[in-house]
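In this text the structure is predicted, and so the values were computed from the model without any measurement. We number each residue from 1, following the sequence as shown.
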Amino acid sequence: MTLNKEMNKTTNNRLLKMSSEYKQASFTTIISFLLTLVLALNSFDFGTQTAKPAVLAVTIAYAAFTVLQLWVTRRIRREVLTADALQKSTRRFGWVLLLSGLTANFFMVSFAFNLIKTKKTPEYVFAVYMVMVQVFIVAVSALNLFKPYVADLFPLGMVLLLMVALFYLIVLVLMARFVDEHAANKRLMWIAIPLILTAVTGNLFALLLGVSLLLKIRSQQQPGISQWNLIWTKITRNTTAMLGMFFIVFVFAISVSSYLTFDYELAIANNFSVLLQPPSLAYPLGTDDFGRDMFSRIVFGARISLIVGVLSTVIPFIIGGLLGALSGYYGRRTDNVIMRLLDILYAVPGILLAIAIIAAFGANTVNLIIALSVGAIPTYARTMRANVLMVSNLEYVDSARALGSGDMAILFKHIVPNSLAPMIVKATLTIGGAVIATSSLSYLGLGVEPHIPEWGNILKIGSTYLESHSYLAIFPGLAIIALVLSFNFLGDGLRDALDPKMD
């Protein structure tokens, strides 16, 4: 009897682990419960012993959707264990959960879209997140209506964002109806091109969807391209990776669209009539000690964090990758010269080297990128060298050499392309570290100029008001944490997708 119970328990656990709907439902339930708890704690002002009506109303809505989410999760669990499939009646609850978008709970909205669709193609998943990003951009940009004044291009920007959002909704319907796991309607090629063009708004999911559509359509005539579809499928099935990608794309998209919808003066101009204002509709994240809008400062600060984080990763990726490839392929004297020089550089702590460079050449954005890039070159060189040493011994390299291909052709046509997967994963994982280093140096006064809105600079100002106005430090701190976690989640997802052993 005991043995049968253990076997049944093991079988049940295996079924639950295999169910992507149940895993995402459980994750969404936990997150929604935590968000409801945070809102409940903030719905009451303990200083004045009064409730905050607006926050309390949002808390009640969150709680209602969380209870419904819990009930749906229990129902999914029961159906997975009994029938190993979800009933249509259960999937219909996804339409109700979509209303949670009114409370800005994108975790629940993402789960609702996945619950509605039985067979989810990568194109459908990209379309879902594309629409979610665009809706959140419109909602966040619309908050500027409560400010004393808006940017000159605000009306034009909002019209363009709404038109793009409508286009994305139409594309989502088309993806759900005319794209399956193995093929896509050839007429959708004419939609892929506008999708790629609309990516200039910063919504990179539109770019991914357009490229994925073109690859799937071409793979119907050229089966070799279907490998990309397999990689897309692995990534889109990883909920945490997609949520991480969602936040990264959202931050990038709001940074791009802010050129039209946000006024830079609110982020840098002193306004002594609204010093240290608490969060409100006019100032969603409050104001700092100079009366500057924290909401606008964090939005514009995202540009610096993303630019410095990405460039300080791309530069050592290219330089370190090139040095590592040459070292691993030629070996012997070339390997000794390159790696010993890099060992000297590697012996100096990265943060100390960055401080020394900035102290010598001055604190500005360009010097910050150079300082962070130089210290990261040896790690990328070591990674590429190890990959090249492994790939160089494979048979197709020997075949290319036997056919008379030159060293450069073999290296850059055969070896390097097949050594990039671990480098891409490493780059994605280390962007988060670059963002932390950027904010840390700015916090110490050694990064971006103090007057420029950057998350480290904002956090430095907020740290002096932790006791009286803690929100000045909490909001930029949460932004840094969320962005770093998102890059880590995306890096883990890419590692699993690019690793053939994870099938």
Side-chain angles (χ1 to χ4, degrees), residues 122 208 211-212 215 218-219 222-235 237-238 241 310-346 350 373-434 487-488 490-503:
L208 290 174
V211 172
S212 180
L215 289 175
R218 289 184 61 190
S219 67
Q222 303 178 26
I225 305 178
S226 60
Q227 180 66 23
W228 286 102
N229 293 331
L230 179 60
I231 294 175
W232 294 142
T233 302
K234 289 181 180 181
I235 294 175
R237 286 179 180 175
N238 191 323
V310 172
L311 288 181
S312 60
T313 300
V314 171
I315 292 173
F317 179 94
I318 296 174
I319 298 176
L322 179 61
L323 293 176
L326 295 174
S327 177
Y329 181 75
Y330 287 103
R332 296 184 180 178
R333 183 176 299 176
T334 304
D335 185 24
N336 284 328
V337 171
I338 294 176
M339 296 312 297
R340 296 300 75 78
L341 291 174
L342 291 178
D343 285 342
I344 297 173
L345 186 60
Y346 192 73
S373 300
V374 171
I377 290 175
T379 59
Y380 283 95
R382 285 169 177 261
T383 303
M384 177 58 84
R385 176 179 177 273
N387 297 333
V388 169
L389 286 174
M390 179 180 63
V391 174
S392 298
N393 296 321
L394 298 180
E395 293 181 355
Y396 64 84
V397 176
D398 294 334
S399 300
R401 190 176 289 112
L403 291 173
S405 298
D407 288 340
M408 290 294 103
I410 294 174
L411 182 60
F412 292 104
K413 288 185 179 180
H414 301 286
I415 297 178
V416 170
N418 290 284
S419 304
L420 286 179
M423 292 283 287
I424 294 172
V425 174
K426 178 179 177 59
T428 308
L429 289 170
T430 53
I431 289 179
F487 276 113
N488 290 341
L490 178 59
D492 290 338
L494 285 174
R495 179 193 60 201
D496 295 342
L498 296 174
D499 188 354
K501 298 178 182 178
M502 299 297 292
D503 291 336

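- The two residues Ser312 and Ala434 have their closest heavy-atom pair at OG-CB, 3.4 Å.
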Per-pair distances, 0.1 Å, donor-acceptor, side chain in residues 321-331, under 3.5 Å, sequence neighbours excluded:
residue : atom : partner : partner atom : Å
Ser327  : OG   : Asp335  : OD1          : 2.3
Tyr329  : OH   : Asp407  : OD1          : 2.9

Step-by-step side chain to side chain contact (heavy atoms under 4.5 Å, CB included) determination, Thr334 to Met339: CA-CA 8 Å; Thr334 304; Met339 296 312 297; over 6 Å; no

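- Between the CG atom in Leu490 and the CD1 atom in Ile235 there is a gap of 7.5 Å [rounded to 0.5 Å].
- For residues 420-431, the set of pairs meeting the side chain to side chain donor-acceptor pair (under 3.5 Å) definition, not counting sequence neighbours, comprises Tyr380-Thr430.
- For Ala241, the side-chain contact (heavy atoms from CB on, under 4.5 Å) partners at least two apart in sequence or on another chain are Asn238.
- For the atom pair NZ of Lys413 and CE of Met408, the computed distance is 12.5 Å after rounding to the nearest 0.5 Å.
- Note that CD1 of Ile377 is 8.5 Å distant from CD1 of Ile315, once rounded to the nearest 0.5 Å.
- For Arg333, the CZ atom is loosely surrounded, since the number of other residues' heavy atoms within 6.0 Å does not exceed 12.
- When all heavy atoms of Pro378 and Gly375 are compared, the closest pair comes out as CD-O, 3.6 Å.
- Here the CG atom belonging to Leu342 is positioned 10.5 Å from the CD1 atom belonging to Ile319, to the nearest 0.5 angstrom.
- The side-chain heavy atoms of Asn336 and Arg332, taken from C-beta on, include no pair separated by under 4.5 Å.
- If you take CE on Met384 and CD1 on Ile415, they are separated by 10.5 Å, rounding to the nearest 0.5 Å.
- Here CG of Leu420 is found 5.5 Å from CZ of Phe317. Values are rounded to the nearest 0.5 Å.
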